[in-house]
Amino acid sequence: MELSAKYNPSEVEDKWYAYWLKNKCFHSEPDNREPYTIVIPPPNVTGILHMGHVLNNTLNDVLVRKARMDGKNACWVPGTDHASIATESKVVAKLKAQGISKEDLTREEFLKYAWEWKEEHGGIILQQLRKLGASCDWDRTKFTMEPALSDAVIATFVHFYRKGMIYRGVRMVNWDPVALTAISDDEVIHKDTQSHFYHLRYFISDGAGNPTDKYLVIATTRPETIMADAAICVNPADERYHWLRGKKVLIPLINREIPVIEDDYVEMDFGTGCLKVTPAHDAHDYEIGLRHHLPVMDIIDDHGCLNEQAQILVGEDRFVARKKIVTMLEEAGNLEKVEAYTSPVGYSERTDAVIEPKLSSQWFLKMEEMAKEALDCVESGRIKFIPDKYRNIYRYWMENVRDWCISRQLWWGQRIPAWYLPDGRVVVEETAEKALEAAQRLDPSVMAADLHQDEDVLDTWFSSWLWPISVFDAQRPGHPEHKPNRDLSYYYPTNDLVTGPDIIFFWVARMIMAGGEFMGDVPFRNVYFTGIVRDKLGRKMSKTLGNSPDPLDLIAKYGADAVRLGMLLCSSAGNDILYDESQVEQGRNFCGKIWNSWRLISGWNVDKDAQQPLVALTAVKWFDNLLSRTIETVEDCYAKFRINDALMTIYKLFWDDFCSWYLELVKPAYGQAIDAVTYEATTLFFEKLIKLIHPVMPFITEELWQHMEERKPGETIMFERTPVAGPYDAAFLADFERTREAIINVRGIRAQKQIAPKEALELYVDGDFPAELRPVLCKAANVSAVHDGEADGTAVSFIVGTLRMSIPLGGFVNADEERAKLQADLAYQQKFLAGVRAKLGNANFVAHAPEAVVAGERKKEADALSRIAALEESLKSLG
RNA sequence: GGGCGCAUAGCUCAGUCGGUUCAGAGCAUCUGCCUUACAAGCAGAGGGUCGGCGGUUCGAAUCCGUCUGCGCCCACCA
């Protein structure tokens with residue numbers, strides 16, 4: 001079968017992906033081989049593929065394909081995450097566009113819409129991953145909210161509750177007034193925000209609720225919250241304010257009387273040294289309020305608007321209210337001054353709304369004990385982070401862990417399995433039936449209708465942290481007595497996790513905790529942290545900037561292999577990736593190179609009787625040695641997770657060594673056949689090369705491997721073995737390097753002197769040059785003969801190592817120019833020699849430096865001397 | 001504000017224990033080639049005071065100090 005002149009990725013990719021699926025090449029079942037397991041970082045069920053996914057999943061796929069070719073039973077489990085906030089807000093937005101408000105729907109109605117949306121859009125991303133070539137075991141696809149996995153989540157809640165690790169409490173939480181839910185501290189992003197510092201006068205009360213003419217001044221960024229003030233606080237050491245002791249002041253506009261209190265928390269030199277204490281709307285103020293038994297008055301509703309408690313500006317949005325109240329304060333004579341002020345403000349990661357500190361009742365999971373163990377997993381080296389620097393960040397997190405707020409005021413997610421009795425008591429059970437039984441044990445008169453289930457759902461990460469366990473055996477989490485099934489026993493712990501450092505605590509740390517809690521073992525052994533994909537200007541890729549290409553467009557344009565290669569070329573672990581389309585072009589070009597090299601080889605006619613030329617004999621020997629050495633390097637790179645180095649090593653081996661050198665050396669003259677020995681060796685090399693590249697470029701390698709010879713049905717390069725390194729002769733490889741240098745020198749001289757490549761030259765070598773490499777020199781440099789000794793008459797010379805080589809060029813040589821060049825070279829060598837000798841003349845150096853280093857310097861000295869001698873001879877022969 | 005990390009060629013990055021001709025790679029650039037696998041290519045070439053300053057050492061891109069410029073994590077002085 002003829003190979004088309006150009007590689008056509010789209011045809012080839014669809015064909016082989018379908019072939020792999022049909023032959024269940026990605027499917028894994030436990031057997032007696034060593035397992036290699038990866039669970040996908042589950043993308044949001046409603047997500048679509050972006051460049052970050054491409055990077056992550058390409059890395060995963062490379063690792064899993066490599067392991068498969070290493071003979072392991074490789075299993076990559078795919079799936080999606082229900083992503084409660086993200087998905088729910090998308091559904092809410094979609095309903096809003098249809099004129100439906102969430103608040104008009106019952107929970108059941110809303111969930112029906114949400115599931116419809118999930119069925120419609122869910123898993124698009126998994127289809128897209130197929131285009132990338134991801135070799136996931138699709139038969140094992142999981143969803144964090146499918147029944148079995150949801151049951152696991154509920155069971156773990158009950159488990160922790162019974163262990164006394166889950167509790168319910170009123171806490172100051174981060175309220176997102178757009179998503180209408182509390183979010184965890186980690187989902188809050190602090191951004192420096194331009195605002196104002198309002199200096200307000202609070203007049204001292206005369207004791208009967210009337211203002212005197214004395215006042216104090218407080219500075220606040222949130223004047224709209226003054227109606228919720230419970231006190232004014234000063235530092236007890238602040239003598240400026242001792243006269244205020246025991247006094248009461250009046251809140252401006254509403255004239256409510258509040259006490260002046262003293263607390264160390266207040267910084268004397270910040271603002272005016274007077275702090276208004278607003279327990280309901282500030283976490284620190286809440287703490288102060290607890291210490292001083294202050295009343296809590298909540299004046300902001302769930303949407304961020306002032307409520308009746310505020311007395312004024314009721315119903316106004318907090319930011320509108322801020323503007324209005326400033327005017328009112330000014331008119332009332334309470335505004336002293338306004339300063340421009342920049343301070344960090346918390347924003348919701350999801351909705352970008354300004355977070356409102358809010359008191360509410362939430363469920364928490366105690367973290368301290370689990371965090372200790374999880375820290376130890378990493379500190380002890382049972383889990384390795386790549387790169388290592390993330391251990392520091394991880395340690396910080398684990399040592400400063402706070403209890404995890406696991407409840408969310410949403411509907412999309414696993415509903416908290418807590419039921420309240422009419423008297424307020426609570427029972428926590430896996431099902432409503434069990435809850436009723438439990439409730440009746442407390443109070444036999446309770447009926448099913450009397451029980452009310454908690455309205456909240458659980459944080460998405462409360463299901464994600466079970467992922468490496470629940471994808472294999474959803475029975476196990478929460479039921480330590482359940483014996484792990486066959487899959488879980490075989491595949492757990494997984495081997496490698498590839499993910500972004502931004503979820504090191506959200507996900508990585510918590511999986512480690514869940515692993516310890518439910519399996520007594522780590523969930524994975526290595527965590528490879530990728531960087532963020534940025535554009536070439538260093539900007540984060542984002543929809544709004546429009547600087548993020550659609551991966552599917554790229555795949556359509558350049559092919560999946562090209563996209564994969566382009567992505568990996570610039571990805572060292574942990575560094576951000578500056579992506580540019582030119583990298584994908586480079587990938588495409590490499591595909592073209594591979595393709596064309598096989599076109600060349602497969603086009604050769606083989607002559608069974610032909611004898612192998614000497615040059616081919618040497619070339620085969622060389623490439624065989626080089627291949628072994630390179631495979632060793634590549635294996636070392638993989639072992640250290642230096643995937644881009646492994647790739648670059650193979651890339652150069654293929655392009656430079658195989659195509660530019662090896663093939664050019666063995667290539668028969670035009671119209672001539674190639675001998676069978678060389679041909680066999682060449683196809684074997686080619687096959688090994690494409691096997692080496694297959695984990696990175698699965699499609700083109702499969703296409704060519706299938707093209708090389710008739711394969712049996714179902715056969716695939718995927719299950720071929722990674723080529724192994726044999727012994728190699730390093731000295732011979734070094735000799736070949738010198739030969740290459742000589743060839744490059746000759747070519748350089750041709751270029752300089754404008755001598756056509758077709759015109760054969762003669763070469764003189766003054767010294768010992770291996771005979772077996774002479775044919776290589778002749779063919780690659782178009783040298784008709786290699787003579788020993790030195791050229792007669794005018795010649796151009798050069799030095800390789802310590803060998804002097806010269807080419808007699810007669811009329812082509814400008815003796816003055818050559819002399820000048822030689823003299824410059826000579827001067828350099830003499831300076832070099834002087835430097836080396838200065839070192840060797842230093843008694844301290846000879847005394848302190850290791851012997852090998854001193855010997856090295858002596859070698860340098862000897863080499864420099866012989867080069868100087870050679871240059872002087874060349875100068876002499878120039879006359 | 002605290003902590004961690006980074007700074008090497010035009011760009012993106014390697015550089016292991018301080019010592020081997022150590023100053024490297026890929027891309028980009030320049031020059032010459034439509035040579036019968038490939039112009040998405042071939043051959044050749046140029047390009048860096050290793051961020052600045054100081055120190056340790058026989059010897060520093062590498063270790064220490066400091067300054068400058070970036071990045072990340074943490075942190076609600078209202």
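Just so it is clear, the model here is predicted, and its values are computed rather than measured. Throughout, a chain's letter reflects where its sequence line sits, starting with A, and its residues are numbered from 1.
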Whole-Å distance separating the CD1 atom of A:I700 from the C1' atom of B:rA40: 12 Å
Under-4.0 Å side-chain N/O to phosphate OP1/OP2 contact, A:N589 with B:rG41: yes
Rounded interatomic separation in angstrom, taking OH from A:Y396 and C1' from B:rC72: 14 Å
Distance, rounded to the nearest Å, where A:N782 contributes CG and B:rU35 contributes P: 16 Å
Nucleotide nearest A:L663 (side chain, heavy atoms from C-beta), chosen from B:rA37, B:rC74, B:rC58: B:rA37
Nearest-Å distance for atom pair OH/P, residues A:Y347 and B:rC76: 16 Å
N/O (side chain, A:K758) to phosphate O (OP1/OP2, B:rU35) under 4.0 Å: no
Minimum-distance nucleotide to A:Y651 side chain [options: B:rC76, B:rG26, B:rC42]: B:rG26
Presence of donor-acceptor pair under 3.5 Å, side chain of A:K389 and base of B:rC4: no
Nearest listed nucleotide, side chain of A:E664, among B:rG19, B:rC38, B:rC73: B:rC38
Sugar-phosphate, base or nothing in reach of A:V266, heavy atoms under 4.0 Å: base
Atom pair distance, as rounded to whole Å: CZ in A:F270 and P in B:rA78: 5 Å
Sugar-phosphate, base or nothing in reach of A:G273, heavy atoms under 4.0 Å: base
First of A:N644 and A:M268 reached from the 5' end of RNA chain B, by closest nucleotide: A:N644
Sugar-phosphate, base or nothing in reach of A:F832, heavy atoms under 4.0 Å: base
Sugar-phosphate, base or nothing in reach of A:W598, heavy atoms under 4.0 Å: nothing
Spacing of A:L568 atom CG and A:D645 atom CG [to the nearest 0.5 Å]: 11.5 Å
Touch class at under 4.0 angstrom, heavy-atom based, for A:N400 against every strand present: nothing
Sugar-phosphate, base or nothing in reach of A:S582, heavy atoms under 4.0 Å: nothing
For B:rC42, the Watson-Crick or wobble partner whose two distances fall under 3.5 Å: B:rG32
Who pairs with B:rG24 - Watson-Crick or G-U, where each distance is under 3.5 Å: B:rC13
A:D863 or A:K652, whichever maps to the more 5' nucleotide of RNA chain B: A:D863
N or O in side chain of A:R642 less than 4.0 angstrom from B:rG15 OP1/OP2: yes
A:C659 side chain, from C-beta outward: closest of B:rA25, B:rC73, B:rA37: B:rA37
Touch class at under 4.0 angstrom, heavy-atom based, for A:I601 against every strand present: nothing
Distance below 4.0 Å between A:S602 side-chain N/O and B:rA37 OP1 or OP2: no
Closest listed nucleotide, where the reference is the side chain of A:N596 and the choices are B:rU12, B:rC38, B:rC74: B:rC38
Under 3.5 Å: donor-acceptor pair, side chain of A:D229, backbone of A:K276: no
Minimum-distance nucleotide (side-chain atoms of A:S597 versus B:rC76, B:rC58, B:rA37): B:rA37
Under-4.0 Å side-chain N/O to phosphate OP1/OP2 contact, A:W655 with B:rC42: yes
Spacing between A:D656 atom CG and B:rC27 atom C1', to the nearest angstrom: 13 Å
Sugar-phosphate, base or nothing in reach of A:T278, heavy atoms under 4.0 Å: nothing
Test of ring centre spacing under 6.0 Å for A:F385 and A:F529: yes
side-chain N/O A:H284 vs B:rC77 OP1/OP2, d < 4.0 Å: yes
B:rG44 phosphate, OP1 or OP2, under 4.0 Å from A:R747 side-chain N/O: yes
Sugar-phosphate, base or nothing in reach of A:C591, heavy atoms under 4.0 Å: nothing
Geometric class of the A:F590/A:F654 ring pair [parallel <30°, tilted 30-60°, perpendicular >60°]: perpendicular
Sugar-phosphate, base or nothing in reach of A:R402, heavy atoms under 4.0 Å: sugar-phosphate
Short side-chain donor-acceptor distance under 3.5 Å, A:E339 and A:H196: no
Between C1' of B:rA25 and CG of A:D657, the distance in whole Å: 13 Å
C1' gap between B:rC38 and B:rG52, integer Å: 48 Å
Nucleotide nearest A:H848 when distance is taken to its side chain, options B:rG19, B:rC58, B:rC73: B:rC58
Polar side-chain contact A:Q586-B:rA28 base: donor and acceptor under 3.5 Å: no
Sugar-phosphate only, base, or nothing, as touched by A:Y341 at under 4.0 Å among non-hydrogen atoms: sugar-phosphate
P gap between B:rA9 and B:rG3, integer Å: 30 Å
Closest nucleotide among B:rC4, B:rC76, B:rA37 to the A:P357 side chain: B:rC76
Counter-base of B:rU68, judged by Watson-Crick or G-U geometry with both distances under 3.5 Å: B:rA7
Touch class at under 4.0 angstrom, heavy-atom based, for A:E267 against every strand present: base
Phosphate OP1/OP2 of B:rA43 contacted by A:R740 side-chain N/O (<4.0 Å): no
Separation between OH of A:Y198 and CD of A:E336, rounded to the nearest 0.5 Å: 15.5 Å
Phosphate-side-chain proximity, A:Y390 and B:rG5, N/O vs OP1/OP2 below 4.0 Å: no
Rounded interatomic separation in angstrom, taking CG from A:D388 and P from B:rU16: 16 Å
Closest listed nucleotide, where the reference is the side chain of A:V853 and the choices are B:rA37, B:rC42, B:rG19: B:rG19
From A:I232 atom CD1 to A:Y202 atom OH, the distance as rounded to the nearest 0.5 Å: 5.0 Å
Aromatic ring proximity, centroids under 6.0 angstrom, A:H199 and A:F197: yes
Among B:rA37, B:rG26, B:rA78, the one nearest A:T220 by side-chain distance: B:rA78
Touch class at under 4.0 angstrom, heavy-atom based, for A:P850 against every strand present: base
A:Y828 atom OH: more than 12 heavy-atom contacts under 6.0 Å: no
Check: A:Y662 ring centre within less than 6.0 Å of A:F658 ring centre: yes
Pairwise P distance, B:rA25 and B:rC72 [rounded to whole Å]: 31 Å
Face-to-face contact A:F845 to B:rC58 six-ring, under 5.5 Å, under 30°: no
Spacing of the P atoms in B:rC33 and B:rU16 (rounded, Å): 43 Å
Side-chain N or O of A:K593 closer than 4.0 Å to phosphate OP1/OP2 of B:rA39: no
